[in-house]
**Student:** 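Let me begin by handing over the structure; questions about it come next.
First listed ligand is number 1; within each ligand, the first listed atom is number 1.
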Amino acid sequence: MKITIIAGARPNFIKIAPIINALKSKQMEGFDISFRLVHTGQHYDKNLSDTFFEELNIPKPNANLEVKSGSQAEQTAAIMIAFEKELIQNPCDLVLVVGDVNSTMACAIVAKKCNTKVAHVEAGIRSGDLSMPEEINRMVTDSITDYFFTTSTSASENLLKYGSDPANIHFVGNVMIDTLYQNIERISVPDFWKEQQLQEKNYIILTLHRPGNVDEVSSLVELLYGIDNLVNDKKILFPIHPRTQAILSESETQFKNIIFVAPQGYLNFMFLIKNSFAVITDSGGISEETTVLGIPCFTMRDNTERPETETIGTNTIVGTSFVNLKKTFDSFLENGQKKSGIPDLWDGKASERIISILLNKK
Ligand code: UDP
């Protein structure tokens with residue numbers, strides 16, 4: 001079986017690493033399975049791309065489509081045009097896409113139109129919020145996917161509701177958590193740790209990059225100003241996404257508690273999360289990692305496509321206003337962390353399950 005694996009953006013790299021490891025293990029066992037790795041070039045910044053390949057031992061891509069930035073349509077179209085050529089030159093039995101970025105949807109469409117089967121890892125999750133491009137990517141991808149691999153029973157139920165064939169829906173667990181377990185012994189302290197006087201539990205991690213939170217400079221500054229004053233005795237460590245950085249550079253506001261650092265590599269970032277007091281974020285992936293690490297997470301969105309991070313895990317959806325964040329955070333400071341657990345099958349073995357299932361699909 002020949003599989004083409006697609007990766008385009010930071011969270012994709014983290015998700016494909018354990019899938020490739022599982023695939024290589026099966027090759028070593030003598031199974032007839034091979035892969036070609038295609039990087040679409042959606043994220044090309046070293047901090048968002050190369051670092052992850054190096055740290056997670058992901059092989060050098062066989063092809064890089066180098067599409068880079070653009071509007072939603074420009075980027076999606078550029079990926080489709082380049083991937084169609086790539087797939088015609090290098091046909092395969094199956095295209096495997098992960099997550100919900102433009103590369104996921106664009107390559108799924110191209111594959112399907114070339115009569116190639118599509119597997120979607122992290123299928124079926126839904127926020128119901130069509131103002132987020134990721135939700136549209138999820139819906140379109142799942143509407144043409146052949147093999148669905150889900151992280152939760154609720155994602156599987158969503159797919160059944162939309163009429164997907166139950167025989168092709170496989171609840172396997174979470175590949176992002178596979179990566180976490182595979183690397184937890186390798187996490188490493190960042191260079192600035194001492195200089196910034198960081199210590200276990202004396203800082204909060206902040207990440208923000210969703211258009212709704214960061215695209216308007218005055219509301220971004222207002223939100224950051226509030227977060228800067230959220231607690232007196234904790235630093236706020238903000239690995240700032242290039243998109244957020246570009247918008248914030250329009251303002252000269254200074255912050256007293258926020259420490260701005262570059263986007264972190266995986267091993268440093270996981271070290272920072274594991275040792276933090278709490279996390280404030282608008283990332284979906286981070287709410288899964290904090291759930292497994294038992295770190296309180298406050299998500300600055302009105303909804304989530306990962307409800308188990310809130311019903312079982314450490315996540316609390318606080319909405320996008322600072323007033324709500326403050327209310328929820330104050331209650332956490334007063335009452336302590338809510339009870340939490342780890343969702344079913346988030347056990348580090350999702351990728352092995354995926355490859356075993358695919359081998360049986362022949
Ligand atoms: N991440 C990282 N360094 C950072 C910020 C995030 O390694 O400075 C990792 C994080 O641990 C998670 C993934 O990137 O695994 C989430 O990526 P992102 O927030 O871009 O995507 P989303 O979760 O919003 O889809």
**Student:** Looking only at N/O atoms, are Thr207 and ligand 1 under 3.5 Å apart anywhere?
**Tutor:**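 By distance alone, the answer is no.
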**Student:** Is the closest side-chain donor-acceptor distance between Asn21 and Gln182 under 3.5 Å?
**Tutor:**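 The answer is yes; a qualifying pair exists.
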**Student:** Quick one: closest heavy-atom pair of Phe83 and Val95, and the distance?
**Tutor:**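 Between these two residues, the closest heavy atoms are CZ-CG2, 4.0 Å.
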**Student:** Is the charged tip of Lys201 near the ring of Phe277: under 6.0 Å from the six-membered ring centre and within 45° of its axis?
**Tutor:**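 Not flagged: Lys201 not positioned over aromatic ring of Phe277.
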**Student:** Give the numbers and elements of all ligand 1 atoms closer than 4.0 Å to a heavy atom of Met176.
**Tutor:**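 Those qualifying, in numeric order: 12 (C), 13 (C), 15 (O).
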**Student:** Can you pull out the closest protein heavy atom to atom 24 (O) of ligand 1? Residue, atom name and distance to 0.1 Å, please.
**Tutor:**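 Answer for atom 24 (O) of ligand 1: Arg210 NH2, 2.6 Å.
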**Student:** Which atoms from ligand 1 have a heavy atom of Pro239 less than 4.0 Å away?
**Tutor:**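 Ligand 1 atoms under the 4.0 Å threshold to Pro239: 8 (O).
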**Student:** Within the 4.0 Å heavy-atom shell around Phe52, which atoms of ligand 1 are there?
**Tutor:**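 The list of qualifying atoms is 2 (C), 7 (O).
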**Student:** What's in the same ILVMFWY side-chain cluster as Leu159, cut-off under 4.5 Å, chained through other members?
**Tutor:**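 Hydrophobic cluster check, Leu159: joined to Phe148, Leu160, Ile169.
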**Student:** Between side-chain atoms of residues 311-320 and protein atoms elsewhere (two or more places apart, or another chain), which donor-acceptor pairs fall under 3.5 Å?
**Tutor:**
from	atom 1	to	atom 2	distance (Å)
Thr311	OG1	Pro307	O	3.2
Thr314	OG1	Thr290	O	3.4
Thr314	OG1	Ile295	O	2.8
Asn315	OD1	Thr299	OG1	2.6
Asn315	ND2	Thr299	OG1	3.3
Asn315	ND2	Thr309	OG1	3.0

**Student:** What is the closest protein heavy atom to atom 15 (O) of ligand 1, and at what distance does it sit?
**Tutor:**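 It is Glu289 OE2, 2.5 Å.
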**Student:** Specify the protein heavy atom at minimum distance from atom 21 (O) of ligand 1: its residue, its atom name, and the distance to 0.1 Å.
**Tutor:**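 The closest one turns out to be Pro11 CG, 3.5 Å.
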**Student:** Checking Asn168 against Lys361: is there a side-chain donor and acceptor pair closer than 3.5 Å?
**Tutor:**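 Present: a donor and an acceptor within the cut-off.
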**Student:** In the protein, which heavy atom is nearest to atom 16 (C) of ligand 1, and how far is it?
**Tutor:**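 Nearest neighbour among protein heavy atoms for atom 16 (C) of ligand 1, to 0.1 Å: Ser283 OG, 3.8 Å.
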**Student:** Distance alone, cut at 3.5 Å: any donor-acceptor contact between the side chains of Asp129 and Asn303?
**Tutor:**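 Yes - a donor-acceptor pair under 3.5 Å links their side chains.
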**Student:** Are Val261 and Phe192 close enough that some pair of their side-chain heavy atoms sits under 4.5 Å apart?
**Tutor:**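 Contact flag for Val261/Phe192 side chains = yes.
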**Student:** Starting from atom 4 (C) of ligand 1, locate the nearest protein heavy atom and write down its residue, its atom name and how far away it is, to 0.1 Å.
**Tutor:**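 Protein heavy atom with the smallest distance to atom 4 (C) of ligand 1: Arg10 NH1, 3.3 Å.
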**Student:** Using the rule side chain to side chain contact (heavy atoms under 4.5 Å, CB included), only one of Ile125, Val121, Val175 pairs with Thr151; which is it?
**Tutor:**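 When Ile125, Val121, Val175 are each tested with Thr151, the side chain to side chain contact (heavy atoms under 4.5 Å, CB included) holds only for Ile125.
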**Student:** Among side-chain atoms of Ser283 and Thr207, is any donor-acceptor pair under 3.5 angstrom?
**Tutor:**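 Distance-only check fails for Ser283 and Thr207.
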**Student:** Which protein heavy atom lies closest to atom 9 (C) of ligand 1, and at what distance to 0.1 Å?
**Tutor:**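 Closest protein heavy atom to atom 9 (C) of ligand 1: Ile14 CD1, 3.7 Å.
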**Student:** Output yes when the distance from some N or O of ligand 1 to some N or O of Met270 is under 3.5 Å, and no in every other case.
**Tutor:**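 No, there is no polar N/O contact under 3.5 Å.
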**Student:** Does ligand 1 have any atom sitting under 4.0 Å from a heavy atom of His209?
**Tutor:**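 Contact check His209 vs ligand 1: positive.
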**Student:** Any atoms of ligand 1 less than 4.0 Å from a non-hydrogen atom of Gly285? List them with their elements.
**Tutor:**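 Counting atoms of ligand 1 from 1, those under 4.0 Å from Gly285 are 23 (O).
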**Student:** Less than 4.5 Å apart, side chain to side chain, heavy atoms only: is that true for Asn62 and Val38?
**Tutor:**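 The answer is no, as the side chains (C-beta and beyond) never meet within the 4.5 Å cut-off.
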**Student:** Among all protein heavy atoms in this structure, tell me which lies nearest to atom 1 (N) of ligand 1, with the distance rounded to 0.1 Å.
**Tutor:**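 Checked against all protein heavy atoms, atom 1 (N) of ligand 1 sits closest to Phe269 CD2, 3.5 Å.
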**Student:** Please list the nearest protein heavy atom to atom 3 (N) of ligand 1 with its residue and the distance rounded to 0.1 Å.
**Tutor:**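 Heavy-atom neighbour on the protein nearest atom 3 (N) of ligand 1: Gln264 O, 2.7 Å.
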**Student:** Of the side chain and backbone of His241, name the one, both, or neither that has a heavy atom under 4.0 Å from an atom of ligand 1.
**Tutor:**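 It is neither; nothing of His241 touches ligand 1.
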**Student:** Using a strict cut-off of 4.0 Å, indicate which atoms of ligand 1 neighbour a heavy atom of Pro263.
**Tutor:**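 Taking each heavy atom of Pro263 in turn, ligand 1 has 8 (O) under 4.0 Å.
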**Student:** What atoms of ligand 1 come within less than 4.0 Å of a heavy atom belonging to Ile286?
**Tutor:**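 Matching atoms, with element in brackets: 10 (C).
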